[in-house]
Each structure stands twice: as structure tokens, then as C-alpha cells.
Amino acid sequence: MIALVALLQPLAVALGAPLVLGLTRQVRARLEGRVGAGVGQPWRDLRKLAGKQRVRPTGTTVVFLAAPVLLVGTTLAAAVIIPLVGVSPLDRAGDLFAVVGLLLTGTVALTLAGLDTGTAFGGMGASREVTIAALVEPSILMAVYALSLPVHSTSLAAIVTAVSADPGRVATPAAVLAAVALGVVVLAETGRLPVDNPATHLELTMVHEAMVLEYAGPPLALLEWAAAMRLTVLLGLLANLFLPVGLATAVTGAPSVAALLVGLAAVAAKVSVLAVVLAAGEVALAKLRLFRVPELLAGSFVLGMLAVTASYFLITPTG
Amino acid sequence: MSETSYVTVLDLAAGGLLLSAVLVVWRRDLAALVRLLSWQGVALAAIPVTLGAHLHDAALLGVGVGVGVLRAVVIPRVVARLLLHEGSPRETEPVLNTVSGLLAVAVLTALAYATSRSLVALDPTPATHAIPLALAVVLIGILVLVTRRRALSQVVGLLLLDNGIAAVAFLATAGVPLVVELGASLDVLLAVLVLQLLGDRMRISFGGTDLGELRELHE
């Protein structure tokens, strides 16, 4: 039965991700006084793009063709490993570091594709993306380190199981600081405001959009789909690391179909709430100048670092 | 209050103290600095209140409430009056840019932990375990004092320093005598009032409170 988790999670992420994206767009539209296109619009967009003719810019190589597939593949692989619905049986395949590495592989594939097109925008977007990724990595590592210290393991299953066994762990300064640091990092990784504006096509500001500018038709559909899945996976991970309510774990006994359904509903609810909060927050934010982004990420790094020091030194008697 | 929740609340208060100090280094908006100062006052007051509730010490509770009123409400209001006539609401380019400032904060925190290890080892209780955090706030206060240029940010830096010292006192001694705490608090209030007057005079005489421009004589 536990093997079902490994099947269910990528399936749920694949099907639900465009809806999460649609939800953020819809909330944003309503808050701005527009009617909005509806939650299902990203799915309709994907269907439309998938039915279009394949166009490949002249001079591009296999790197350009492989990037969308790699991006989707790495994101789905991450969705198999991380505990979203329940603790995955494939958890031993990779810890939190491995998940970060998987997602970074996708990012690198996309930047290489941006360079492969040989256009000015592709190169510019790739350069910006790599800059941001290089600054994001130290803060992710710090936050992960802070989370793994109390459990003495970087395994996601161990961290999540420990927190669900003792919810009081979340109220420590270390966990709060790590949560804020990871939150900022998730914003940067998924290209949301204030790091990147997902709705812009302005030359001066776009990062992710600049890299995928040359894509059209089915490959573009894959890229958009992968971006939505990344957002969903990272929001789900953030929610479950700090609030693993309803997660089907070994603690609650052998997971039955009912436990899996509860887990699915719980993760869907948590991701939806986070998506609504994200969209509502974005309405009030403007994009940071690219030169100010390092400040934001340095702040996130310092919070991660403080989380590590706090979990080292505030080891308090329990009981 | 049970032992676990006492430790949790105390740790969160100390963590909040440090977090607000880090955010002071991060932000350049002067109005935000005043709000952060107010939040830090709340976190600082939470320490004696928690200790008082744990030790069943009414005097400590009273001190906590007094500290809270003074540092979360009165002092931020006095400081905010400096803002009233301030021309631009943002810090001019600080001596140290924000990224280096934040990295310096990380180093200072590590330094505070390293230096106070032996202090904690003397009497390892939950309260003394939080001393490094308070010491880090003291160091960050000094950092803000030496790297900021506007008078208001420097006053905020001084208050960070003082909040840190007060927090160390509460955590290390589990209750300063009421008279001592009263004296120290009034001292701070008086210093802030004087600094506020000084800031106003400076603005009237020189048209701004950018201390970087006061280094050399002007015609």
C-alpha cells in the first residue's frame, strides 16, 4: 500500500499544479478588481499549446530540445521523493540535499537552453538565473542544515516524522528562522515576486520568461507545466516540513487508502492556502531591482545561519 | 507555566529580540526602524514577564510590564518625533552596504556565541542559554551605531545596544533589583529625549541629520 504513495504523489502534482497556478492568478485578478480567467485557465492554455505545430529555431542543438524534458523529469522525480501525501517509500533515494540538487539540475538545463538559442534575451535571462541560483544555494543549505540538526539526519522522512510526533518543535527560534529563510528561497526558486515577475515580458526585468522566449508549441507547454509543478512541489514541501498535519506517516500506522486520501486532501488544502497567501502578498509587492535581489537573499542566508546557530546553542532541556 | 512552555516562550522572546535587530540592519526605511524598535521592546519585555511567571516573582512581572510600556510605546514615540520633519524617509547610503552589513551580523552572532560559551557553562539553565542571543544584539547595536549616517538610525542603534544589555541583565541574573532597573530605564528615556532635542537642533542648524556631512567644516 505504501508503494501507492510513490505513484500517487507525482500524479497529484502533475494534475494539480496547473490548478495551483490558476488559483494564484485568479486570486490576484480578484484582488486587483478583475474577473479573472478562472482556475482552469492554465490547463486550457496547456491544451492549446500542446496542439500547436512544433517550431524549432535554426541553429539550436539537442540542449534546446532536452531542457523541457529534463525540467519536467527532475521536478517529477522530486515529487516522488518528498513527503507530500505520505512518507514516500523512495525516501532513501535522496534526502533534502538531493531534492535541492534535482531542482537545480532542472534550472541548469533551462539556463543552458537559454544560452543555446544564441539570442540576447536568452543569454541575459540565463545569466540572471544563474546569479540568483548561486545566491539561493547557500541559504537553502543553511536552512536545511538547521532543520536537520535537531533530528541528526537530513532525511526528509526523519525530519517530517519528528515534527509530526512532536509539533512543539516548530515553535523554536531555529525552526521559525529556518521557515522564513526557506520561504524567501522558495520565492526566488519559483521565480515569483519580488525576485521575478511571472507575468512580465518587459526586457529589462524578465528572468525566467527571457530564457523560454524562443520556445513554442508543445515544448513551451512542457516548460509552463514544469514551472507550475515546481511551485506546487516547493509549496508542499514548505508546508509539510513545518506543519505535517494529516500526512500519512509510519507513526499513524500502516497507511491505508483512507489515510492516503486524508493526506491528499490535507496537502491540497495546505498548498491552496499557501498559494492564496502568496498571490495576496504579491498584489502588494513590486519587483525588486535586480541589484537589490542579493540583499534579499543575503538576508535569507543570515536568517538560515542564525537558525543554525540557534539550534546549536539553544539546546534546551526537554520535559 | 510548565517547564517546556516556559523554555519555548523564553527562547522565542530571545529569538524575536535578535530577529528584530537583524531586520534593523536589513531595512533602510526610517519609519520601519521605529516599528522594529517597538517590536523589539515587546520581545525584551517578554523576557522578564516569562521569568517572573516561572519564578512566581511579582516584582519581576511588574518590571516586565514597566519595561514593556517604556521600550515598546514611549521610547519609539519619542524617536518617531525625529521623523516628523525629516526630509527623506530613507537612510542615505550607509557606510557598509546592506549585504556586507548582513554578513557582518552573521559573523557577530557567531562571535557572541563563541565568547559567551564559558559564561553559559557556569550555570547552564534555559535562561543563560539565551545569553548569546542578547549579546549578539549588543554587538549588532554597535554595528548599527558605527555604520549608519542618519541621526535617527544612530539613536536606534544606541537603543539596540541598550536593549541588548538589559536582556543580558535579565537572563543572567533572573531579576535585577527594581530600583536598578528603574534607574537604568529612566536613564535611557532621558538620553533619548536629549538625543531627540539634539537631532531637532541639528536639523534646524544644518538642514539635515546626515552625520556623514558633519565630519568637516563648511563655510
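In what follows, every chain begins at residue 1, and chains take the letters A, B, ... in the order their sequences are listed.
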When the 4.5 angstrom heavy-atom criterion is applied to B:L18 and chain A, the contacting part is side chain
Output for pair (B:L133 CG, A:L306 CG), nearest 0.5 Å, gives 8.5 Å
CG (A:L297) and CG (B:L102) are apart, to the nearest 0.5 Å, by 11.0 Å
Heavy-atom nearest pair, B:Y113 first then A:T309, reads CE1-CB, 3.4 Å
Margin query: Walk me through whether A:L303 and B:L19 qualify under side chain to side chain contact (heavy atoms under 4.5 Å, CB included).
Written below: CA-CA 8 Å; A:L303 292 182; B:L19 185 61; 3.4 Å; yes
Okay, A:V176 and chain B: the region with an atom under 4.5 Å from a heavy atom over there is side chain
Applying a strict 4.5 Å limit to non-hydrogen atoms, the region of A:L177 in contact with chain B is side chain
